[in-house]
Enquirer: 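Quick one: structure below, then a few questions.
Keep in mind that the numbers below use all heavy atoms, side chains included, and drop hydrogens, waters and symmetry copies. Whatever order the structure lists them in is the order used to number ligands and atoms, beginning at 1.
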Amino acid sequence: MGVEFVDLFNQWASSYDDTVSGNDPEYKEVFEGYEDMLELLAGLSISPVMEFGVGTANLTRKMIRQNKVVIGIEPSSEMRRIANLKCPEAAMYDGDFLNYPQLMTPIQSIVSSFAFHHLTTSEKIEAIQKFDDKLESEGQIIFIDTLFKDEAHKQALIKDAEKSGHLNLAQDLQEEYYGYLDELKEMFSNQGFEVSFKQMNKYAWLIQAKKGE
Ligand SMILES: C[S@@+](CC[C@H](N)C(=O)[O-])C[C@H]1O[C@@H](n2cnc3c(N)ncnc32)[C@H](O)[C@@H]1O
């Protein structure tokens, strides 16, 4: 469930860090300011943190350097292998947004970068319900991900990508489950979270959802 992209991530793992550092022209704008965005997210997180879709542990490492306890969840074995090499201090587990080991650690922050869009709408709703159960009172969900302001914005971004010859990106924007701002706002609000959004680059947004007392 929600892990249909894992084969792709196993293959992408060895060159993933090249892509996020801007070396892939198709995805340069998607990852524009990547390190700064992750640094901001890391700084907002409160320990102990649970991180989903850790990839090659770029965000994980930043939180560990801030002396935070991080429990990482990642479904791709190749991504996990690299993450363990780059960040042996974090506890990494096989799992995904919906299925993961139930640990006793009280979680203050649930974080994720560039991964929540792998879930369909109903899976996102289910994941948010589970996060609510998992988080301590006043805990926070803090995500960075591509999202669309609305349908017109989605179509404009797809057209833009096509015009630039970025056909893989255009296909991703069409086929992956990037959320719409209002839809995500409703999902978090319905679960009782106070949510805010901040645009970080042409594609990526910071999503902060705070649980009540
Ligand atoms: C674009 S990468 C982002 C990696 C890292 N968080 C970063 O910011 O560079 C997406 C990651 O999400 C993982 N992923 C895919 N489906 C997932 C799911 N259903 N639950 C959790 N993680 C998932 C992938 O294996 C991959 O490591």
Enquirer: Applying salt bridge (Lys or Arg N to Asp or Glu O under 4.0 Å) as the test, list every pair that has at least one member in residues 177-199; sequence neighbours left out.
Expert: none
Enquirer: Would you say that I158 contacts Q174 through its side chain, given a criterion of any heavy-atom pair below 4.5 Å between the two side chains?
Expert: yes
Enquirer: Centre-to-centre under 6.0 Å for Y177 and F116, is that the case here?
Expert: no
Enquirer: Provide the number and element of each atom of ligand 1 under 4.0 Å from a heavy atom of G55.
Expert: 4 (C), 27 (O)
Enquirer: So, for L147 and H153, which heavy atoms are closest and what is the spacing to 0.1 Å?
Expert: O-CE1, 4.0 Å
Enquirer: Can the ring centroids of Y100 and F52 be said to lie less than 6.0 angstrom from one another?
Expert: yes
Enquirer: Please list, in number order, the atoms of ligand 1 under 4.0 Å from a heavy atom of V54.
Expert: 5 (C), 6 (N)
Enquirer: For ligand 1, is any non-hydrogen atom under 4.0 Å from S112's backbone (N, CA, C, O), its side chain (CB onward), both, or neither?
Expert: neither
Enquirer: Share the residues that join V54 in a hydrophobic cluster, the rule being Ile, Leu, Val, Met, Phe, Trp or Tyr side chains under 4.5 Å apart at the heavy-atom level.
Expert: M92
Enquirer: Are E74 and R80 ion-paired here, with the side-chain N under 4.0 Å from a carboxylate O?
Expert: no
Enquirer: I need the atoms of ligand 1 closer than 4.0 Å to a non-hydrogen atom of S113, numbered in the order shown.
Expert: 3 (C), 5 (C), 6 (N), 7 (C), 8 (O)
Enquirer: Should you measure from each heavy atom of A115, which atoms of ligand 1 turn up under 4.0 Å away?
Expert: 12 (O)
Enquirer: Should one rank G53, A13, P75, S76 by closest heavy-atom distance to atom 17 (C) of ligand 1, which comes out on top?
Expert: P75
Enquirer: Heavy-atom distances under 4.0 Å are what count here, so tell me which part of L119 touches ligand 1: side chain, backbone, both or neither.
Expert: side chain
Enquirer: Give the atoms of ligand 1, by number and element, whose distance to some non-hydrogen atom of M79 is under 4.0 Å.
Expert: 27 (O)
Enquirer: Please determine if Y16 has a nitrogen or oxygen closer than 3.5 Å to a nitrogen or oxygen of ligand 1.
Expert: yes
Enquirer: Kindly identify the option in Y34, F116, F97 whose heavy atom sits closest to atom 21 (C) of ligand 1.
Expert: F97
